[in-house]
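One structure is given here, and the rest of the page talks about it.
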Amino acid sequence: MRWSQYYLFTTREVPADAEVVSHQLMVRAGMIRKVAAGIYSYLPFGWRSIAKLMAIVRRELDAKGACELVMPAISPAELWQESGRWSKYGKELLRIKDRHGRDFVFGPTHEEVVTDIVRHDVKSYRQLPFNLYQIQTKFRDEIRPRFGLMRGREFLMKDAYSFDADDAGLDVAYRAMHDAYCAIFAACGLEYTVVEADTGAIGGSASHEFMVLAETGESEVVRCPGCGYSANVEKASSGALPPPERDGEPGPMREVATPGMTTVDEVAEFLGVPTAAMVKTLIYDNEKEEPVAVLVRGDRAVNEIKLANLLDVQYPVLASDEKVAALTGAPVGFAGPVGLPPGLRVIADESVRDLAGFACGANKADAHLVDVVWGRDVEVGEWADLLLARGGDPCPSDGCGGILEPFRGIEVGHIFKLGDKYSRAMGCTFLDENGREQPMIMGCYGLGIGRTVAAAIEQNHDDDGIIWPLPLAPFSVLLIALNPQEESVRRAADELYDALRQHGVEVFYDDRPERPGVKFKDADLIGIPLRLVVGKKSLAEGKVELSRRRDRQRQPVAVADAVERVMALLGD
RNA sequence: CGGGGCGUAGCUCAGCCUGGUAGAGCGCACGGUUCGGGACCGUGAGGCCGGAGGUUCAAAUCCUCUCGCCCCGACCA
């Protein structure tokens with residue numbers, strides 16, 4: 001491809017709305033253009049990279065026997081009502097009406113549609129198993145789209161769905177997709193890790209995320225260097241937290257005046273105890289209006305996703321000031337486990353179990369209790385893991401003894417064991433060998449296409465621009481005619497261009513009448529792995545210059561040997 | 001959803017406080033000199049100052065309302 005004929009326009013200015021480096025570089029390198037918040041056009045240069053990734057994805061999924069299809073982006077509300085997600089998915093689900101006023105959704109994922117297809121076709125265990133996948137534009141109406149392709153509202157996703165007769169079959173399918181993902185991310189030259197994850201709105205039993213390690217990642221992950229346990233903090237557990245040391249045995253429970261002190265920090269400082277020796281009592285409400293009191297150690301936070309899963313609700317939220325006052329009899333800031341109304345469900349996180357003689361609110365304005373002891377002063381009927389894990393916590397694995405380390409990652413893939421959640425709700429069943437009707441056992445497997453390309457840039461760039469890993473590079477070789485107005489340069493470059501193409505090399509030919517400085521800067525910015533420069537001076541000695549974007553090692557090469565040398569480097 | 005910021009030339013921004021002829025750099029066009037790391041000189045094109053109301057003799061500038069974009073928060077008892 002000749003640059004002079006190609007649609008690629010780079011820019012020197014950093015776009016004002018681009019926060020992270022991958023977004024900045026994708027805009028500057030003419031790969032994407034924003035159309036609206038979280039909605040982008042893929043320009044030709046960017047699309048080539050996307051296409052490269054899609055080809056890798058297809059290759060690896062096909063190798064596992066998965067079958068590609070394409071489902072509509074728009075699907076009718078009925079399917080979503082059938083699965084229950086019409087009411088459960090929330091505001092991220094973009095709902096639209098057609099001219100007749102009928103409800104549709106712009107699909108954020110396709111469990112309903114694929115299940116609908118399969119239930120029409122498949123009736124017998126003899127037809128199972130199989131795996132259907134597509135690469136398609138999705139829409140999720142994110143609260144806050146950001147970081148370019150990293151968190152768009154409209155985005156390209158590969159989604160696959162496996163159908164099996166039983167759990168054992170699902171395990172095999174799940175493993176196959178896990179392995180395919182590893183192959184895909186490895187082929188992209190990405191440094192990634194697999195972590196345990198929450199299943200979120202998709203639902204199901206088990207789930208893993210594929211994380212590309214990056215400072216700018218939006219996901220927080222903890223990992224144990226000892227046993228390798230790793231999990232998204234949305235899901236992660238911690239081992240038992242060591243309780244803070246205290247002097248002597250707690251005395252009898254007593255009330256202390258704490259005028260105007262509504263935060264743990266204020267009270268802890270006033271009492272002269274560590275925040276870890278306090279119990280925080282949070283009143284959570286939810287869409288069912290069934291408030292609960294959650295007890296967590298004073299220095300820690302509640303994992304609201306764990307809470308939502310435990311309560312089987314969608315939106316746990318801190319209760320309004322009025323509700324807190326009505327339930328605890330005190331203004332916000334003075335709630336505690338002692339003396340809560342009997343009708344209020346109280347759930348204690350494991351982090352407070354080992355506290356002896358802790359401090360907490362007195363359910364009374366301007367007062368806290370100290371030296372509270374479980375069993376003696378107050379009983380808790382319900383214990384659960386509701387802790388938001390963080391780096392420095394003990395590893396939850398039995399007998400491991402390691403300390404969790406925190407890191408950040410970009411979630412590029414997410415695989416789920418769905419089980420029969422959708423097949424049961426939607427009547428996607430088959431007859432087993434005994435003639436009994438059974439719901440199919442499903443898995444689903446998502447992979448963010450644009451996000452993976454963005455992640456690759458996030459991991460592969462320098463101050464001057466992108467450094468494409470070869471498998472994702474829009475082109476393999478950038479051929480630069482440094483002084484195309486020189487007849488000899490132009491002719492030599494043209495010949496190299498033809499020769500490289502004849503050898504099947506994807507070559508991008510900078511034949512523009514630009515100054516050398518501009519061409520070099522652009523070359524660095526767009527980051528094509530191999531650079532072949534034809535310049536007047538070296539050509540006079542029968543040489544061209546070959547270099548790699550990554551290490552910038554330049555080497556003069558005889559014109560006659562250039563193609564061969566390029567082929568050799570591409571083969572590495 | 002809450003808080004904050006920003007909408008002025010294709011891009012990055014100044015001008016607004018203190019109302020009075022619309023600006024810079026980059027980019028673009030033309031001419032000349034340059035030509036291996038984003039050249040230089042000259043000439044030029046390009047803007048309903050996001051939109052709608054209002055105040056005023058006069059509004060990019062002050063007021064109100066809207067729309068768009070961006071950032072932060074939604075970790076709290």
Side-chain angles (χ1 to χ4, degrees), chain A residues 9-20 23-24 27-28 30 33-39 90-91 143-148 220 233 258 261-268 275 278-285 291 293-305 307 315-321 323-325 327-328 330-337 340 359-363 365 368 386-388 390 464-465 480-486 489 510 512-525 531 533-540 543-545 547 552 554 556:
Chain A
F9 307 103
T10 60
T11 161
R12 181 165 19 188
E13 303 281 1
V14 177
D17 57 3
E19 188 80 354
V20 297
H23 185 193
Q24 293 172 355
V27 172
R28 287 189 55 211
R33 164 78 35 79
K34 184 167 74 183
V35 178
I39 299 177
K91 289 181 186 164
I143 300 175
R144 185 138 91 90
R146 56 180 141 182
F147 300 161
E220 204 176 331
V233 292
T258 52
M261 297 176 200
T262 61
T263 68
V264 166
D265 286 341
E266 286 168 355
V267 176
T275 54
M278 291 190 58
V279 168
K280 198 155 66 171
T281 304
L282 306 168
I283 310 299
Y284 271 97
D285 204 352
V294 176
L295 311 182
V296 64
R297 214 170 77 171
D299 60 330
R300 302 302 298 255
V302 169
N303 182 332
E304 294 184 354
I305 292 170
L307 180 62
Y315 307 110
V317 289
L318 288 170
S320 64
D321 292 3
K323 277 203 176 174
V324 171
L327 286 163
T328 67
V332 169
F334 299 98
L340 287 171
C360 61
N363 295 321
H368 279 75
L386 293 175
L387 187 70
L388 185 66
R390 65 187 186 199
D464 295 312
I480 300 178
L482 251 206
N483 336 88
Q485 71 282 7
E486 293 284 332
V489 169
D510 186 355
R512 298 173 303 167
E514 290 287 352
R515 299 170 53 81
V518 172
K519 295 194 171 204
F520 286 128
K521 289 292 184 190
D522 273 341
D524 289 343
L525 175 60
R531 188 179 85 179
V533 177
V534 183
K536 186 170 53 174
K537 286 176 190 159
S538 49
L539 188 62
K543 307 249 189 208
V544 292
E545 180 189 275
S547 63
R552 295 190 152 140
R554 306 181 200 178

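Letters A, B, ... mirror the listed sequences (proteins, then strands); counts begin at 1.
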| field | Identified pairing partner of B:U61, criterion: Watson-Crick or G-U wobble below 3.5 Å | value | none
| request: Any strand is fair game: report the nucleotide pairing with B:G68 by Watson-Crick or G-U wobble, both distances under 3.5 Å, or none. | output: B:C6
| field | Side chain proximity check, A:Arg300 to A:Arg390, heavy atoms < 4.5 angstrom | value | yes
| field | Phosphate contact (B:A39 OP1 or OP2) by A:Arg515 side-chain N/O below 4.0 Å | value | yes
| Nearest-0.5 Å distance, NZ of residue A:Lys519 to CD1 of residue A:Ile480 | 7.0 Å
| said: Output the rounded distance in Å from CD (A:Glu514) to C1' (B:C28). | reply: 12 Å
| Can you tell me how far CG of A:Leu525 sits from CZ of A:Arg12, rounded to the nearest 0.5 angstrom? | 11.5 Å
| remark: A:Lys34 NZ to B:C11 C1', in whole Å, measures 14 Å
| request: May I have the distance from A:Asp285 (atom CG) to B:A77 (atom P), rounded to whole angstrom? | output: 18 Å
| Is there a Watson-Crick or G-U wobble partner for B:A74 with both distances under 3.5 Å, and if so, which one is it? | none
| query | Using atom P of each nucleotide, how far apart are B:C11 and B:C49 to the nearest Å? | reply | 16 Å
| With a non-hydrogen cut-off below 4.0 angstrom, is A:Val264 in contact with a base, only sugar-phosphate, or nothing? | sugar-phosphate
| field | Gap in Å between the two P atoms, one belonging to B:G27 and one to B:G73, rounded | value | 37 Å
| field | Test side-chain hydrogen bond (donor to acceptor under 3.5 Å, both in side chains) applied to A:Lys536 - qualifying residues, sequence neighbours left out | value | none
| task | Check every strand shown and say whether A:Ala319 touches a base, only sugar-phosphate, or nothing at a heavy-atom separation below 4.0 Å. | result | base
| request: Looking at every strand, decide which applies to A:Ala16 at a 4.0 Å heavy-atom threshold: base, sugar-phosphate, or nothing. | output: sugar-phosphate
| A:Leu318 side chain reached by A:Tyr284 side chain, heavy atoms, under 4.5 Å | yes
| Any salt bridge between A:Glu545 and A:Arg531, counting N to O under 4.0 Å? | yes
| Exercise: identify the closest heavy-atom pair between A:Val233 and A:Asn303 | O-ND2, 3.1 Å
| query | Can you tell me how far C1' of B:G36 sits from NZ of A:Lys543, to the nearest Å? | reply | 17 Å
| Euclidean distance, atom CD of residue A:Glu13 to atom C1' of B:A9 [Å, nearest integer] | 13 Å
| request: State the pairing partner of B:C16; accept Watson-Crick or G-U wobble contacts with both distances under 3.5 Å, and report none otherwise. | output: none
| Polar side-chain contact A:Asp522-B:G38 base: donor and acceptor under 3.5 Å | yes
| said: With hydrogens left out and only the distance checked, is there a donor-acceptor pair under 3.5 Å joining A:Ser538's side chain and the base of B:G36? | reply: yes
| query | Please give, in whole Å, the distance from B:C11 P to A:Arg33 CZ? | reply | 9 Å
| request: Find the partner of B:A39: check Watson-Crick (N1-N3 plus N6-O4 or O6-N4) and G-U wobble (N1-O2, O6-N3) distances, both under 3.5 Å, and reply none if neither fits. | output: B:U33
| Whole-angstrom distance between B:U55 and B:A60, as gauged at atom P | 16 Å
| field | Side chain proximity check, A:Asp522 to A:Arg512, heavy atoms < 4.5 angstrom | value | yes
| said: Say we look at B:G15 and B:G2: how far apart would their C1' atoms be, to the nearest angstrom? | reply: 32 Å
| d(CG, A:Asp321; P, B:G2) in whole Å | 16 Å
| message | By the 4.0 Å heavy-atom rule, please label A:Arg554 as base, sugar-phosphate, or nothing. | response | base
| message | Do A:Leu340 and A:Asn363 make a side-chain contact, defined as non-hydrogen atoms from C-beta onward lying under 4.5 Å apart? | response | yes
| request: Among the candidates B:G38, B:C26, B:C69, find the nucleotide nearest to the side-chain atoms of A:Leu525. | output: B:G38
| note | By nearest-nucleotide position on RNA chain B, the 5'-leaning member of A:Thr10 and A:Ile283 is A:Thr10
| task | For nucleotides B:A14 and B:G3, find the distance between their P atoms and express it as a whole number of Å. | result | 25 Å
| query | How far, in whole Å, is B:C62 from B:C17 if one measures between their P atoms? | reply | 5 Å
| said: Under 4.0 Å, counting only non-hydrogen atoms across every strand here, what does A:Glu545 touch: a base, just sugar-phosphate, or nothing? | reply: base
| task | Would you indicate what A:Arg512 reaches in the nucleic acid, counting non-hydrogen atoms under 4.0 angstrom: base, sugar-phosphate, or nothing? | result | nothing
| field | Who pairs with B:A22 - Watson-Crick or G-U, where each distance is under 3.5 Å | value | none
| message | Distance check, C1' atoms only: B:A9 and B:A45, in whole angstrom units. | response | 11 Å
| field | Whole-Å distance separating the NZ atom of A:Lys536 from the P atom of B:G36 | value | 6 Å
| message | Need to verify one output field. Residue with the more 5' nearest nucleotide on RNA chain B, A:Thr11 or A:Val279? | response | A:Thr11
| request: Could you encode protein contacts along nucleotides 71-76 of chain B as a string, one character per nucleotide from 5' to 3', using B for base contact, S for sugar-phosphate-only contact and - for no contact, with a heavy-atom cut-off of under 4.0 Å? | output: SB-BBB
| field | Minimum-distance nucleotide (side-chain atoms of A:Arg28 versus B:A77, B:G38, B:C70) | value | B:G38
| Do A:Ile283 and A:Lys323 come within less than 4.5 Å of each other through their side chains, counting heavy atoms only? | no
| said: Taking any heavy-atom pair under 4.0 Å as a contact, classify A:Gly361: base, sugar-phosphate, or nothing. | reply: nothing
| 4.5 Å side-chain heavy-atom contact, A:Leu387 and A:Val296 | yes
| Say you pick atom C1' in B:G42 and the same atom in B:C6; how far apart are they, in whole Å? | 37 Å
| note | If pairing means Watson-Crick or G-U wobble with both distances under 3.5 Å, then the partner of B:C49 is none
| Base-pairing assignment for B:C28 (Watson-Crick or G-U wobble, both under 3.5 Å) | B:G44
